[in-house]
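Since the structure comes first, as structure tokens, the remarks are kept for the end.
Note that the coordinates shown come from a computational prediction; the quantities given were computed from them, not determined experimentally. Because only heavy atoms are used, hydrogens play no part in the values below, and waters and symmetry mates are left out as well, while side chains stay in.
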Amino acid sequence: MKEKTAAVITISDKGFRGERIDTSGPALCNLLEAQGWTIEYTTIIPDEMHQIEEVLIQCADERKVSLLLTTGGTGFSPRDITPEATKAVLEREIPGIPEVMRYESMKITPHGCLSRGVSGIRKQTLILNLPGSEKAAKENLCAVLPSIEHGVKMILSQGSAECAQERTISEKKKSPSMDVWIKEAKQDKDAGKCGMYLFHNGVVRETAKEQARFGIQKNLVNGMYFSYQEEKVEEALKKARQLPGIYYVRAWLNKGNLAVGDDIMYVLVGGDIRPNVIHALESLVEEIKTKCVIEQER
């Protein structure tokens with residue numbers, strides 16, 4: 001079994017009938033792929049006990065994915081039976097994962113405790129129920145993803161002590177030195193064409209994004225789960241290098257669970273004149289933030 005393979009199952013009567021567009025399933029796929037997971041299977045099924053059990057068994061026993069996420073059917077409606085169907089196929093339940101999700105959700109909304117999602121193991125597959133709302137599904141997954149990655153390693157290695165001591169790949173990285181970056185930039189073959197260097201340093205702030213940008217009153221942020229898609233970042237850097245008067249572009253992005261004050265990204269741009277360099281830096285930072293990263297405040 002490959003370590004980072006996943007399936008994402010959307011459970012929704014309306015989604016199955018085509019009466020509602022599924023956004024939570026694709027959002028979870030994007031989040032996982034940004035962390036290096038391979039999505040082996042996705043589908044939408046109705047809130048039917050036997051169908052839910054059947055697809056969970058198929059993904060664990062036949063497709064043998066290491067992680068199986070469901071989204072939807074965790075609420076109080078009579079048709080919300082995802083937890084019951086999941087418990088029916090689990091071999092071992094893991095109560096700690098949904099407990100953490102509910103705890104983190106309560107920091108965002110007083111209704112966070114109402115999700116009935118469960119988690120557990122079937123054969124060598126970790127199964128986790130997530131809410132049907134795209135926003136809630138992403139918030140819940142981000143709260144536990146580093147632990148999930150470590151848990152999957154333990155399952156596949158039969159919980160060896162060596163695995164328990166491994167560092168997870170989602171730990172935050174060490175920030176670069178701007179002094180070193182500038183020194184290296186001035187040694188670049190095109191350094192003689194650069195009359196200015198500007199850099200951007202983004203950090204995790206305690207003011208929520210919606211409040212900072214739109215004035216919507218929110219609770220203070222405790223931290224952020226941050227990740228990015230490397231190929232999209234590379235494409236953004238390539239585009240920036242092609243802008244008029246730009247001869248040097250470099251970026252570093254963090255990854256994992258970050259605290260308030262931690263560095264999110266560093267971007268350095270060098271070019272001929274101030275207007276060109278300012279435009280390139282603003283354009284590059286905006287493209288990275290809107291098209292390349294996944295960030296979930298907590």
Side-chain angles (χ1 to χ4, degrees), residues 1-12 15 22-45 52 54-72 82 86 89-91 94 97 101 117 119-132 134 137-160 162-164 166-173 225-236 253-257 288 291-296:
M1 178 185 286
K2 294 180 181 178
E3 184 176 296
K4 298 188 73 172
T5 57
V8 177
I9 312 301
T10 300
I11 301 170
S12 166
D22 174 32
T23 60
S24 57
L28 294 174
C29 290
N30 289 338
L31 200 159
L32 288 175
E33 287 175 334
Q35 280 294 310
W37 292 80
T38 300
I39 308 301
E40 298 280 348
Y41 181 70
T42 64
T43 191
I44 302 177
I45 59 175
I52 299 173
E54 185 178 279
V55 75
L56 296 183
I57 292 171
Q58 180 193 59
C59 287
D61 297 11
E62 299 175 21
R63 297 184 183 275
K64 300 182 186 299
V65 297
S66 55
L67 176 63
L68 172 53
L69 302 180
T70 70
T71 172
T82 301
T86 302
V89 305
L90 291 179
E91 296 170 350
I94 308 175
I97 294 177
M101 294 194 306
S119 177
I121 300 168
R122 180 182 175 88
K123 297 190 182 300
Q124 288 189 292
T125 298
L126 177 59
I127 303 175
L128 173 61
N129 299 153
L130 296 166
E134 176 186 344
K138 290 165 58 179
E139 289 171 350
N140 277 248
L141 180 58
C142 287
V144 296
L145 189 53
S147 299
I148 284 175
E149 292 181 357
H150 188 65
V152 165
K153 290 180 181 180
M154 294 186 70
I155 292 170
L156 298 181
S157 64
Q158 283 80 49
S160 68
E162 290 81 3
C163 175
E166 289 182 4
R167 291 161 60 93
T168 63
I169 65 167
S170 59
E171 289 181 300
K172 60 187 178 185
K173 300 187 291 185
Y225 179 83
F226 188 86
S227 185
Y228 60 93
Q229 295 177 283
E230 292 185 13
E231 67 280 2
K232 290 187 177 181
V233 173
E234 287 301 320
E235 184 63 28
L253 283 79
N254 212 335
K255 182 177 286 189
N257 280 312
I288 290 175
K291 298 181 180 180
C292 306
V293 307
I294 295 170
E295 51 183 3
Q296 190 64 56

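Glu3 CD to Ile155 CD1: the interatomic distance, rounded to the nearest 0.5 Å, is 11.0 Å. Taken from CD in Glu235 to CD in Glu230, the straight-line distance is 14.5 Å, to the nearest 0.5 Å. Between Cys29 atom SG and Ile39 atom CD1 the span is 4.5 Å, to the nearest 0.5 Å. Atom CG of Leu145 and atom CH2 of Trp37 lie 7.0 Å apart (nearest 0.5 Å). With rounding to the nearest 0.5 Å, the separation of CG in Leu28 from CG in Asn140 is 9.5 Å.
The side-chain contact (heavy atoms from CB on, under 4.5 Å) test applied to Leu253 returns Phe226, Tyr228, Val233, Ala251, Met265, Ile288, Val293, not counting sequence neighbours. Applying the side-chain contact (heavy atoms from CB on, under 4.5 Å) rule to Asp61 yields the partners Ile57, Arg122, Lys123; only residues at least two apart in sequence or on another chain are considered.
Ser12 places none of its side-chain heavy atoms less than 4.5 Å from the side chain of Asp22. Between Lys4 and Glu149 there is a side-chain heavy-atom pair separated by less than 4.5 Å. Contact annotation: the side chain of Ile9 approaches that of Tyr41 to within less than 4.5 Å [non-hydrogen atoms, C-beta and beyond]. Within the 4.5 Å cutoff, side-chain heavy atoms of Met101 are placed close to those of Leu130. Using a 4.5 Å cut-off on side-chain heavy atoms (C-beta onward), Lys64 and Gln124 make no contact. Taking 4.5 Å as the limit, some side-chain heavy atom of Ser119 sits within range of a side-chain heavy atom of Leu126. Side-chain atoms of Val55 and Ile11, non-hydrogen and from C-beta on, never get closer than 4.5 Å to each other. Side-chain contact between Thr125 and Leu56 is absent, with no heavy atoms from C-beta onward closer than 4.5 Å.
Residues Glu40 and Thr5 have side chains that never bring a donor and an acceptor to within less than 3.5 angstrom of each other.
The heavy-atom pair separating Cys142 from Asn257 by the smallest distance is O-OD1, 3.9 Å. Considering every non-hydrogen atom in both Gly132 and Thr71, the closest pair reads CA-OG1, 3.5 Å. Residue Ser24 comes nearest to Ala137 through the heavy atom pair CB-CB, 4.4 Å, listed as atom of the first residue, atom of the second, then distance. Contact between Leu156 and Ser66 at its shortest, heavy atoms only, is CD1-CB, 4.5 Å.
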_Pair Asn129-Thr82, side chain to side chain donor-acceptor pair (under 3.5 Å): steps then yes or no_ = CA-CA 7 Å; Asn129 299 153; Thr82 301; 5.9 Å; no

*Step by step, work out the side chain to side chain contact (heavy atoms under 4.5 Å, CB included) result for Ile52 and Thr70.*
CA-CA 9 Å; Ile52 299 173; Thr70 70; 5.7 Å; no

*Would Ile148 and Leu141 satisfy side chain to side chain contact (heavy atoms under 4.5 Å, CB included), going step by step from the backbone distance to the final call?*
CA-CA 9 Å; Ile148 284 175; Leu141 180 58; 3.9 Å; yes

*Decide side chain to side chain contact (heavy atoms under 4.5 Å, CB included) for Lys255 and Gln35; before the verdict, give the C-alpha distance in whole Å, the side-chain angles of both, and the deciding distance to 0.1 Å.*
CA-CA 9 Å; Lys255 182 177 286 189; Gln35 280 294 310; 3.5 Å; yes

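Within a 6.0 Å radius of CD in Glu91, other residues, nucleotides and ligands contribute more than 12 heavy atoms.
The closest donor-acceptor contact from the side chain of Thr42 to the backbone of Val8 lies at 3.5 Å or more, if one exists at all. Judged by distance alone, the side chain of Ser227 and the main-chain N or O of Ile294 form no donor-acceptor pair under 3.5 Å.
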